[in-house]
Amino acid sequence: MKTHITICGGGNAAHTLTGLLSSNDELSVRVYLPFGDEAEKWREGILQNGGITVDTPQKTLLGKPNAICQDPRDAVTEAQIILLALPAFAHEPILKQIAPYIYQGAWVGALPARGGLDLCFRDIFKERLSEIVIFGFQTLPWACRIQHYGKQATILGAKEQVDLTAWPANKAPVISTRLQELFGISINPVSSFLSLMLADTGQIIHPGIMYGLFHEWDGVPYEQQKLFYQAVDEEIAAVLQNMSEEIQMLRARLETVYPAIDLTSARPIDEWLKRSYRANIVDGSTLHASFATNRSYAGLMAPMIKTEDGFIPDFQARYLSEDVPYNLLVTRGVAELAGITTPMIDQVLLWAQERLNKEYLVEGKVCGKDLPATRAPQRYGLTDIYQLVQEMDYL
Ligand code: NAI
C-alpha cells in the first residue's frame, strides 16, 4: 500500500521535495498550494515538463505528483505524512487551513522547524494535538534552488546529517528512520523541541553577523556588495561568541533546575562550527578565522540591494525577518522565563527590531506590540519556566 504524503509550499524546498518524493513509486504525493496563483503555475509547469525535475550532484530525478491542491481538505485528508516546506512565517496560516482535515495519527512537521514550532502547533490544535504526531528538522537537508518554476529545481549540496525532534518525543527515532529512507540523508533524532531550538546556530550567526556588518551603517550606499561569513572579523566574532555564551548560560540554568533534561545538542558556536565544517576550515585557531577561512562559506554574499548609487543592506532578508521573530526572540523569551539576562542578544535584537520596524523587546521584556507575529513563549501566555517545561513535555 502506498504512503500518502502532502507537501505544503511552492518554493525551493517544496520543488525539491516534490520531485524527489514523487519519483518514488511507493508514495502518493499531493502538493498544497493555496498561495496566489502558485497552483495554476505548478499545473502548467508539470504538464509541460512531465513532472518536477530535480538535479542533484549525482543524478537527475523526475517525479510527477498525484495532485496539486488548492483546497485543504483535498490536500490532507488522506495524508499520513505532512511536510511544511515553508518559511516560518507561513507555518501558522497553513496549519490553520489544514488543521480541521488532518487524518488521525498523521505525522505533521516542518523543514526547518525554527523556534517555537511546538508552541504554534499546541496553540492551533489545542486538545486535538494528541491525535497527531508533530516533528521538526533543525535545518533544510539541502541547499536548493528553483531553476524553472513548476518544472525544475537543483540541489546544490546536501547536509551530511540533520537533527530531527518530535512530540511525543519517543516518536523521533521512528520518524527519523522513515524520513531517512525517503530523503536518502542521515537523520539524527534529538530529545525535544527545546533542545532543537537552543542548538540552532542560525539564530546567532544570521542576526549576529547582520548586526556586526551594518550596525554602524550611516545610510550611504556601499560601492560593493559585502561578503557575509568571510567578513567576520574579531569584533563580529566577539558578538557571536557572547551571544553563544548567553545561550549556554540558559542551557546551564535549565540543566541545573532539571538534571534530567537533555540539551546536549545545544553546543557552543566554536564547537558547532568545527563539528560541522572541520575539513573545510583552513585556520581554526580563532572563531573569526574559522569563519573567514571556511571553504563552505567562500563567496557567500551579505543580503544587499543594488540601487543606482550602490549597494544598501536588505534588512527585510530572512536573516532578520525570519531568524529574529521565529528564532532568536523565542530563545530570548525562554531566557526571560528562566531568569537569565542576555545583554548581547538584547543589543542585537533591539537593533534588528528597529531595522525591521517592529517592536518585540520593550524595557528588557518580551512584550512588544508585534509579539503576535512571533513564536516567543510570552505570546502564548507562558509566564514561567516550570510551566513551559512541563506543558511542552521537555523533560
Ligand atoms: P521560499 O522562499 O522558496 O518559499 C516560498 C514559498 O512559501 C512560496 O512559494 C509559498 O508557497 C510559501 N509562502 C510564502 N508566503 C506565504 C504565505 N503568506 N502563506 C502561505 N504560503 C506562503 O523558501 P525555501 O527556499 O523553500 O525555504 C523554506 C525554508 O527553508 C525557509 O525557512 C528557508 O529559510 C529554509 N532554508 C532554505 C534553504 C534553501 O536552500 N532553499 C537552505 C536552508 C534553509
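We count ligands from 1, going down the list as the structure has it; atoms in each ligand are counted the same way. Computed from a prediction, not measured in an experiment: that's the story for all the values here. We use all heavy atoms of the structure for the numbers below, so side chains are in, but hydrogens, waters and symmetry mates are not.
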Original post:
Looking only at heavy atoms, is any part of Ile94 under 4.0 Å from ligand 1, and if so is it the side chain, the backbone, or both, or is it neither?
Top reply: side chain

Subject >> Glu131/Arg128 salt bridge by N-O under 4.0 Å criterion >> reply: yes

Original post:
So which protein heavy atom does atom 33 (C) of ligand 1 come closest to, and at what separation?
Top reply: Arg114 NH2, 3.9 Å

Original post:
Considering only heavy atoms of Ala13, which atoms of ligand 1 have at least one such atom less than 4.0 Å away?
Top reply: 24 (P), 26 (O)

**OP:** Enumerate the atoms of ligand 1 whose separation from the nearest heavy atom of Ala143 is less than 4.0 angstrom.
**Re:** 40 (O)

Subject >> ligand 1 versus Pro87: contacting region, heavy-atom distance under 4.0 Å >> reply: both

**OP:** Say whether Gly10, considering both its backbone and side-chain N or O atoms, lies within less than 3.5 Å of an N or O atom on ligand 1.
**Re:** yes

**OP:** State, yes or no, whether a side-chain contact exists between Tyr326 and His91 at a heavy-atom distance under 4.5 Å.
**Re:** no

**OP:** If the plane angle is over 60° it's perpendicular, under 30° parallel, otherwise tilted; pick one for Phe137 and Phe135.
**Re:** perpendicular

Original post:
Does any N/O atom on Lys159 come nearer than 3.5 Å to any N/O atom on ligand 1?
Top reply: no

**OP:** For Gly9, take its heavy atoms, then give the atoms of ligand 1 lying under 4.0 Å from any of them.
**Re:** 11 (O)

**OP:** Kindly confirm or rule out an N or O of Asn12 lying under 3.5 angstrom from an N or O of ligand 1.
**Re:** yes

Subject >> From the candidates Gly11, Cys144, Ala90, the one that places a heavy atom nearest atom 6 (C) of ligand 1 >> reply: Gly11

**OP:** Do me a favour and list the nearest non-hydrogen protein atom to atom 17 (C) of ligand 1 with residue, atom name and distance?
**Re:** Phe35 CE1, 3.3 Å

Original post:
Does the pair Arg30/Asp74 count as a salt bridge with the N-to-O cut at 4.0 Å?
Top reply: no

Subject >> Residue pair Val54 / Thr16: nearest heavy atoms and the distance that separates them >> reply: CG2-O, 3.7 Å

Original post:
Identify the closest protein heavy atom to atom 15 (N) of ligand 1: which residue and atom is it, and at what distance?
Top reply: Phe89 CE1, 3.3 Å

Original post:
Does ligand 1 have any atom sitting under 4.0 Å from a heavy atom of His15?
Top reply: no

**OP:** Verify side-chain contact (heavy atoms from CB on, under 4.5 Å) between Val362 and Glu359, making sure each step is shown before the conclusion.
**Re:** CA-CA 7 Å; Val362 180; Glu359 184 190 84; 3.6 Å; yes

**OP:** For side-chain contact (heavy atoms from CB on, under 4.5 Å), just list the numbers for Thr77 and Tyr103, CA-CA rounded to whole Å, side-chain angles, deciding distance to a tenth of an Å, and then say yes or no.
**Re:** CA-CA 6 Å; Thr77 311; Tyr103 178 92; over 6 Å; no

Original post:
Atom CD of Glu92 and atom CD1 of Ile124: how far apart are they, to the nearest 0.5 Å?
Top reply: 5.0 Å

Original post:
Among protein heavy atoms, which lies nearest atom 8 (C) of ligand 1, and at what distance?
Top reply: Glu38 OE2, 3.3 Å

Original post:
Numbering the atoms of ligand 1 from 1, which are under 4.0 Å from a heavy atom of Trp142?
Top reply: 40 (O), 42 (C)

Subject >> For atom 28 (C) of ligand 1, the option (of Leu156, Leu33, Leu84, Leu86) bearing the nearest heavy atom >> reply: Leu86

Original post:
Thinking salt bridges, do Arg275 and Glu271 make one under a 4.0 Å N-O criterion?
Top reply: no

**OP:** Return the residue, atom name and 0.1 Å-rounded distance of the protein heavy atom closest to atom 23 (O) of ligand 1.
**Re:** Arg318 NH1, 3.5 Å

Original post:
Donor-acceptor pair, Asn49 side chain versus Lys151 backbone, under 3.5 Å?
Top reply: yes

Original post:
Among all protein non-hydrogen atoms, which one is nearest to atom 38 (C) of ligand 1, and what is the separation to 0.1 Å?
Top reply: Leu140 CD2, 3.5 Å

**OP:** Run down the list Glu322, Arg145, Glu92 and name the one with the heavy atom closest to atom 39 (C) of ligand 1.
**Re:** Arg145

Original post:
Does Thr139 use its side chain to pair, donor to acceptor, with the backbone of Pro141 at less than 3.5 Å?
Top reply: no

Subject >> Distance from atom 30 (O) of ligand 1 to nearest protein heavy atom, with residue and atom >> reply: Pro112 CD, 3.2 Å

**OP:** For side-chain contact (heavy atoms from CB on, under 4.5 Å), just list the numbers for Thr374 and Val330, CA-CA rounded to whole Å, side-chain angles, deciding distance to a tenth of an Å, and then say yes or no.
**Re:** CA-CA 8 Å; Thr374 76; Val330 190; 6.0 Å; no

